[in-house]
Amino acid sequence: MSELQLAVIRVLWQRKKAAVAEVHEALEPRGLALTTVATVLTRLERAGLVAHRTAGRHYMYRPLVSEEEVRRSMESVLADRLFEGDVAALVSHLVNARDIEPGDLAQVKRLIEEKERHQ
């Protein structure tokens, strides 16, 4: 999923449903044309990620996938393509690639400990 597609579907996740003009308005800081937003929504619909219904002269779009489903899918692609399925290498890269706040590091440690307890 492209960055723009992700931005569009995030608007739908937040609003539950929206017309093209509403999505366009929410993404106004990006300076996109209304037709660009409409095209992205059409592509997302073709991919089975959103659906629309007609409301008067407008299409009202709603997401068909959750944010968690998209995250899982993108994480899987990232791990498989860039790290050849090596989860440890992916986590190592994420931990070492940028500065991590102490609170975030503590949360990661708790997540790992919880995962170990449940295995």
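Since this is a predicted model, take the numbers as computed values, not measurements.
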Which other residues belong to the hydrophobic cluster containing [X], where Ile, Leu, Val, Met, Phe, Trp and Tyr are joined when side-chain heavy atoms lie under 4.5 Å apart, directly or via other members?
X	value
V108	I112
L111	none
M60	none

Using atom types as modelled, flag every donor-acceptor pair under 3.5 Å from a side chain in residues 4-13 to any protein atom, sequence neighbours excluded.
| unit_1 | atom_1 | unit_2 | atom_2 | d |
| --- | --- | --- | --- | --- |
| Q5 | OE1 | S2 | N | 2.9 |
| Q5 | OE1 | S2 | OG | 3.4 |
| W13 | NE1 | V65 | O | 2.8 |

Item to check | Residues forming a side-chain contact (heavy atoms from CB on, under 4.5 Å) with V77, sequence neighbours excluded | outcome: R81

Checklist outcome for this item: Sorted by chain and number, sequence neighbours left out, side-chain contact (heavy atoms from CB on, under 4.5 Å) with D86 holds for A88, A89

Checklist entry - Does any pair with a residue in residues 62-73 pass salt bridge (Lys or Arg N to Asp or Glu O under 4.0 Å), and if so which ones, sequence neighbours excluded? => result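 Sorted result for residues 62-73: E67-R71, E68-R72.
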
Checklist entry - What pairs meet the salt bridge (Lys or Arg N to Asp or Glu O under 4.0 Å) rule with one or both residues in residues 94-115, with sequence neighbours excluded? => result none

Checklist entry - Among the clusters formed by ILVMFWY side chains lying less than 4.5 Å apart, do L105 and L94 turn up in the same one? => result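 No; tracing contacts between hydrophobic side chains, which count when under 4.5 Å, never links both residues.
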
Next on the checklist: Membership question, hydrophobic clusters at under 4.5 Å side-chain separation (ILVMFWY): are L90 and M74 in the same one?
Outcome noted: no

Checklist entry - Taking only residues two or more places apart in sequence, or in another chain, which ones meet H52 in a ring pair (Phe, Tyr, Trp, His ring centres under 6.0 Å)? => result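 Partners of H52 by the ring pair (Phe, Tyr, Trp, His ring centres under 6.0 Å) criterion, ordered by chain and then number, come out as Y59, Y61.
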
Next on the checklist: List the residues meeting ring pair (Phe, Tyr, Trp, His ring centres under 6.0 Å) with H58, not counting sequence neighbours, and say none if there are none.
Outcome noted: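 Residues passing ring pair (Phe, Tyr, Trp, His ring centres under 6.0 Å) with H58: none at all.
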
Return a table of donor-acceptor pairs under 3.5 angstrom between the side chains of residues 14-38 and protein atoms on other chains or two or more places apart.
| unit_1 | atom_1 | unit_2 | atom_2 | d |
| --- | --- | --- | --- | --- |
| E22 | OE1 | A19 | N | 2.6 |
| H24 | NE2 | L32 | O | 2.7 |

Next on the checklist: Please list all pairs meeting ring-ring contact (aromatic ring centres under 6.0 Å, His included) that have one or both residues in residues 87-117, counting only residues at least two apart or in different chains.
Outcome noted: F83-H93

